Amino acid sequence: MNVILTQSYEESARKGAELILDAVSRKPDLLLGLATGETPVAIYRRLCEAYQAGAADFSRASSVNLDEYVGCREEDSYRRFMDENLFSKINIPRENITIADYAAPPEAEVTRLRQFFETHTVDLQLLGIGANGHIGFNEPDHDGLEAPVHISPLTQSTKEANAHWFADGAVPDRAITMGMGDILRAKSILLVVKGESKRAVLRELLNGGKVTTNNPATFLLLHPDVTLITEESLTV
Ligand code: PGA
(Lines give C-alpha, C1' and ligand atoms only; values in the text may rest on other atoms or scores of the structure.)
Protein backbone atom coordinates (compact mmCIF):
# COMPACT_ATOMS: atom_id res chain seq x y z
CA MET A 1 0.00 0.00 0.00
CA ASN A 2 1.32 3.37 -1.02
CA VAL A 3 0.62 5.77 1.88
CA ILE A 4 0.63 9.53 1.34
CA LEU A 5 0.51 11.59 4.54
CA THR A 6 -0.68 15.17 4.43
CA GLN A 7 -1.02 18.11 6.79
CA SER A 8 -4.70 18.82 6.09
CA TYR A 9 -7.81 17.48 4.41
CA GLU A 10 -7.44 20.15 1.71
CA GLU A 11 -3.99 18.81 0.92
CA SER A 12 -5.39 15.25 0.83
CA ALA A 13 -8.09 16.42 -1.58
CA ARG A 14 -5.56 18.20 -3.79
CA LYS A 15 -3.36 15.12 -4.03
CA GLY A 16 -6.36 12.85 -4.59
CA ALA A 17 -7.66 15.08 -7.38
CA GLU A 18 -4.19 15.15 -8.97
CA LEU A 19 -4.10 11.35 -9.07
CA ILE A 20 -7.54 11.20 -10.69
CA LEU A 21 -6.69 13.91 -13.23
CA ASP A 22 -3.47 12.12 -14.07
CA ALA A 23 -5.40 8.87 -14.62
CA VAL A 24 -7.91 10.62 -16.90
CA SER A 25 -5.17 12.24 -18.97
CA ARG A 26 -3.31 8.93 -19.35
CA LYS A 27 -6.49 7.00 -20.25
CA PRO A 28 -9.25 9.38 -21.43
CA ASP A 29 -11.81 6.55 -21.79
CA LEU A 30 -11.26 5.13 -18.30
CA LEU A 31 -13.99 3.87 -15.99
CA LEU A 32 -13.91 5.72 -12.69
CA GLY A 33 -15.46 4.18 -9.59
CA LEU A 34 -16.86 7.05 -7.54
CA ALA A 35 -17.73 7.58 -3.89
CA THR A 36 -20.05 9.91 -1.99
CA GLY A 37 -20.01 11.49 1.48
CA GLU A 38 -17.88 14.22 3.07
CA THR A 39 -14.57 12.76 1.94
CA PRO A 40 -14.77 13.30 -1.84
CA VAL A 41 -16.42 16.75 -1.77
CA ALA A 42 -13.21 18.80 -2.11
CA ILE A 43 -11.77 16.26 -4.55
CA TYR A 44 -14.78 16.71 -6.82
CA ARG A 45 -14.56 20.49 -6.43
CA ARG A 46 -11.00 20.35 -7.73
CA LEU A 47 -11.98 18.12 -10.65
CA CYS A 48 -14.68 20.64 -11.59
CA GLU A 49 -12.19 23.50 -11.31
CA ALA A 50 -9.72 21.66 -13.52
CA TYR A 51 -12.41 21.07 -16.13
CA GLN A 52 -13.57 24.69 -16.00
CA ALA A 53 -9.98 25.88 -16.40
CA GLY A 54 -9.63 23.73 -19.52
CA ALA A 55 -7.15 21.42 -17.79
CA ALA A 56 -9.27 18.25 -17.84
CA ASP A 57 -11.54 16.51 -20.32
CA PHE A 58 -14.05 13.88 -19.21
CA SER A 59 -15.80 13.55 -22.59
CA ARG A 60 -14.68 9.94 -23.05
CA ALA A 61 -14.72 8.93 -19.37
CA SER A 62 -17.32 6.71 -17.72
CA SER A 63 -18.26 6.31 -14.08
CA VAL A 64 -19.95 3.90 -11.75
CA ASN A 65 -20.93 4.76 -8.20
CA LEU A 66 -20.20 2.59 -5.21
CA ASP A 67 -23.62 2.70 -3.67
CA GLU A 68 -27.07 4.28 -3.38
CA TYR A 69 -29.82 4.29 -0.79
CA VAL A 70 -32.90 2.16 -1.41
CA GLY A 71 -36.15 4.08 -1.49
CA CYS A 72 -34.90 7.51 -0.45
CA ARG A 73 -36.21 10.84 -1.69
CA GLU A 74 -34.58 12.29 -4.80
CA GLU A 75 -33.11 15.19 -2.82
CA ASP A 76 -31.43 12.78 -0.40
CA SER A 77 -30.09 10.42 -3.06
CA TYR A 78 -26.48 9.91 -3.98
CA ARG A 79 -27.60 10.55 -7.55
CA ARG A 80 -28.42 14.12 -6.50
CA PHE A 81 -25.14 14.40 -4.58
CA MET A 82 -23.18 13.36 -7.65
CA ASP A 83 -25.10 15.71 -9.95
CA GLU A 84 -24.54 18.65 -7.62
CA ASN A 85 -20.92 17.98 -6.75
CA LEU A 86 -19.57 16.68 -10.05
CA PHE A 87 -21.66 15.52 -12.97
CA SER A 88 -23.41 18.84 -13.70
CA LYS A 89 -20.08 20.70 -13.68
CA ILE A 90 -17.93 18.52 -15.94
CA ASN A 91 -18.39 17.13 -19.44
CA ILE A 92 -18.84 13.44 -18.65
CA PRO A 93 -21.60 12.19 -20.98
CA ARG A 94 -24.85 11.38 -19.15
CA GLU A 95 -25.03 8.00 -20.87
CA ASN A 96 -21.61 7.08 -19.45
CA ILE A 97 -22.82 7.41 -15.84
CA THR A 98 -23.92 4.31 -13.93
CA ILE A 99 -25.49 4.55 -10.49
CA ALA A 100 -28.16 2.46 -8.80
CA ASP A 101 -31.64 3.97 -9.12
CA TYR A 102 -32.87 4.86 -5.63
CA ALA A 103 -36.50 4.61 -6.78
CA ALA A 104 -36.40 1.35 -8.76
CA PRO A 105 -37.10 -2.12 -7.34
CA PRO A 106 -33.77 -2.89 -5.63
CA GLU A 107 -33.61 -6.54 -6.70
CA ALA A 108 -33.83 -5.47 -10.35
CA GLU A 109 -31.09 -2.89 -9.76
CA VAL A 110 -28.85 -5.54 -8.21
CA THR A 111 -29.34 -7.70 -11.33
CA ARG A 112 -28.61 -4.75 -13.65
CA LEU A 113 -25.45 -3.78 -11.79
CA ARG A 114 -24.16 -7.34 -11.51
CA GLN A 115 -24.46 -7.55 -15.29
CA PHE A 116 -22.60 -4.25 -15.58
CA PHE A 117 -19.66 -5.59 -13.57
CA GLU A 118 -19.56 -8.77 -15.65
CA THR A 119 -18.57 -6.66 -18.63
CA HIS A 120 -16.77 -3.67 -17.09
CA THR A 121 -13.62 -3.24 -15.03
CA VAL A 122 -13.07 -0.13 -12.97
CA ASP A 123 -9.76 1.53 -13.78
CA LEU A 124 -9.55 3.74 -10.71
CA GLN A 125 -11.81 3.28 -7.68
CA LEU A 126 -12.13 6.21 -5.27
CA LEU A 127 -13.06 5.18 -1.74
CA GLY A 128 -13.77 6.81 1.58
CA ILE A 129 -14.04 4.74 4.73
CA GLY A 130 -16.71 4.60 7.41
CA ALA A 131 -15.90 5.01 11.09
CA ASN A 132 -16.76 1.30 11.39
CA GLY A 133 -14.43 0.37 8.52
CA HIS A 134 -17.08 0.00 5.85
CA ILE A 135 -16.19 0.71 2.24
CA GLY A 136 -19.12 1.35 0.02
CA PHE A 137 -21.89 0.01 2.23
CA ASN A 138 -20.05 -3.23 2.95
CA GLU A 139 -20.69 -3.14 6.66
CA PRO A 140 -18.60 -5.08 9.21
CA ASP A 141 -19.96 -8.59 9.69
CA HIS A 142 -18.23 -11.38 11.53
CA ASP A 143 -19.98 -14.01 9.37
CA GLY A 144 -18.68 -12.75 6.03
CA LEU A 145 -18.82 -10.10 3.33
CA GLU A 146 -20.60 -10.39 -0.01
CA ALA A 147 -18.49 -10.32 -3.16
CA PRO A 148 -20.95 -9.00 -5.80
CA VAL A 149 -23.37 -6.07 -5.85
CA HIS A 150 -26.01 -6.61 -3.19
CA ILE A 151 -28.56 -4.99 -0.93
CA SER A 152 -27.00 -4.12 2.41
CA PRO A 153 -28.88 -3.43 5.64
CA LEU A 154 -27.29 -0.35 7.19
CA THR A 155 -25.92 -0.52 10.72
CA GLN A 156 -27.23 1.84 13.36
CA SER A 157 -23.82 3.56 13.56
CA THR A 158 -23.79 4.19 9.80
CA LYS A 159 -27.32 5.58 9.93
CA GLU A 160 -26.30 7.91 12.76
CA ALA A 161 -23.13 9.01 10.92
CA ASN A 162 -25.11 9.83 7.77
CA ALA A 163 -28.26 11.30 9.35
CA HIS A 164 -27.03 14.88 8.90
CA TRP A 165 -27.41 14.51 5.12
CA PHE A 166 -31.18 13.94 5.47
CA ALA A 167 -33.55 16.86 6.02
CA ASP A 168 -35.69 14.75 8.37
CA GLY A 169 -32.73 12.77 9.77
CA ALA A 170 -34.39 9.52 8.64
CA VAL A 171 -31.78 7.40 6.86
CA PRO A 172 -33.15 4.48 4.82
CA ASP A 173 -32.62 1.03 6.30
CA ARG A 174 -30.98 -0.38 3.18
CA ALA A 175 -28.62 0.52 0.38
CA ILE A 176 -27.37 -1.10 -2.82
CA THR A 177 -23.62 -1.40 -2.82
CA MET A 178 -20.80 -2.73 -4.94
CA GLY A 179 -19.49 -5.83 -3.21
CA MET A 180 -15.99 -6.45 -1.95
CA GLY A 181 -15.25 -8.47 -5.09
CA ASP A 182 -16.26 -5.59 -7.37
CA ILE A 183 -14.08 -3.20 -5.37
CA LEU A 184 -11.07 -5.51 -5.29
CA ARG A 185 -11.26 -6.07 -9.06
CA ALA A 186 -10.62 -2.37 -9.72
CA LYS A 187 -7.21 -1.97 -11.34
CA SER A 188 -6.21 0.79 -8.92
CA ILE A 189 -7.75 2.01 -5.69
CA LEU A 190 -7.49 5.47 -4.16
CA LEU A 191 -8.58 5.47 -0.51
CA VAL A 192 -8.90 8.87 1.12
CA VAL A 193 -9.41 8.94 4.87
CA LYS A 194 -10.91 12.08 6.39
CA GLY A 195 -12.12 12.69 9.91
CA GLU A 196 -11.26 11.97 13.51
CA SER A 197 -13.90 9.23 13.73
CA LYS A 198 -11.83 7.07 11.33
CA ARG A 199 -8.71 7.00 13.53
CA ALA A 200 -9.24 3.50 14.98
CA VAL A 201 -10.05 1.73 11.70
CA LEU A 202 -7.25 3.60 9.95
CA ARG A 203 -4.77 2.43 12.57
CA GLU A 204 -5.95 -1.14 12.11
CA LEU A 205 -5.42 -0.81 8.37
CA LEU A 206 -1.96 0.72 8.70
CA ASN A 207 -0.57 -1.31 11.59
CA GLY A 208 -2.53 -4.51 11.80
CA GLY A 209 -1.57 -6.41 8.67
CA LYS A 210 -4.57 -8.63 9.40
CA VAL A 211 -7.58 -8.97 7.11
CA THR A 212 -10.87 -9.14 8.99
CA THR A 213 -14.52 -8.91 7.98
CA ASN A 214 -15.00 -6.87 11.15
CA ASN A 215 -13.12 -4.05 9.37
CA PRO A 216 -13.94 -4.40 5.67
CA ALA A 217 -11.31 -1.83 4.69
CA THR A 218 -8.60 -4.30 5.74
CA PHE A 219 -9.45 -6.30 2.59
CA LEU A 220 -7.64 -3.56 0.71
CA LEU A 221 -4.44 -5.11 2.13
CA LEU A 222 -5.01 -7.89 -0.45
CA HIS A 223 -4.98 -5.50 -3.42
CA PRO A 224 -1.72 -4.85 -5.29
CA ASP A 225 -2.34 -1.18 -6.18
CA VAL A 226 -3.85 0.87 -3.36
CA THR A 227 -2.92 4.46 -2.60
CA LEU A 228 -4.05 5.72 0.80
CA ILE A 229 -4.11 9.46 1.42
CA THR A 230 -4.74 10.78 4.90
CA GLU A 231 -3.73 13.45 7.35
CA GLU A 232 -0.63 12.50 9.28
CA SER A 233 -2.31 13.59 12.52
CA LEU A 234 -4.84 10.74 12.17
CA THR A 235 -2.12 8.13 12.08
CA VAL A 236 -0.42 8.89 15.42
P1 PGA B 1 -17.68 10.28 4.87
O2 PGA B 1 -18.20 8.80 4.71
O3 PGA B 1 -16.84 10.56 3.66
O4 PGA B 1 -18.94 11.10 4.87
O5 PGA B 1 -16.91 10.34 6.14
C6 PGA B 1 -17.33 7.83 4.27
C7 PGA B 1 -18.02 6.51 4.29
O8 PGA B 1 -18.97 6.32 5.08
O9 PGA B 1 -17.62 5.64 3.51
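In this text, all values refer to a predicted model and were calculated from it rather than measured experimentally. Each ligand, and each atom within it, is numbered from 1 in the order the structure gives. Sequential numbering from 1 along the given sequence is applied to the chain's residues.
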A.B. asks: Rounded to the nearest 0.5 Å, what separates atom CG in L202 from atom CG in L206?
C.D. replies: 4.5 Å

A.B. asks: Should the pair Y78 and F137 be assigned to parallel (<30°), tilted (30 to 60°) or perpendicular (>60°) ring geometry?
C.D. replies: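 Y78 and F137: parallel rings.
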
A.B. asks: Could R199 and E196 be called an ion pair, given the rule that one side-chain N must be under 4.0 Å from one carboxylate O?
C.D. replies: yes

A.B. asks: Are side-chain N/O atoms of H164 and E38 paired as donor and acceptor at under 3.5 Å?
C.D. replies: yes

A.B. asks: Measure the CG-CD1 distance between N215 and I129 for me, rounded to the nearest 0.5 Å.
C.D. replies: 6.0 Å

A.B. asks: Taking 4.0 angstrom as the limit, do K198 and E231 come out as a salt bridge?
C.D. replies: no

A.B. asks: Sort out the contact shell of ligand 1: every protein residue with a heavy-atom distance below 4.0 Å, listed by chain and number.
C.D. replies: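 Shell around ligand 1 (4.0 Å, heavy atoms): G37, E38, T39, G128, I129, G130, H134, K198.
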
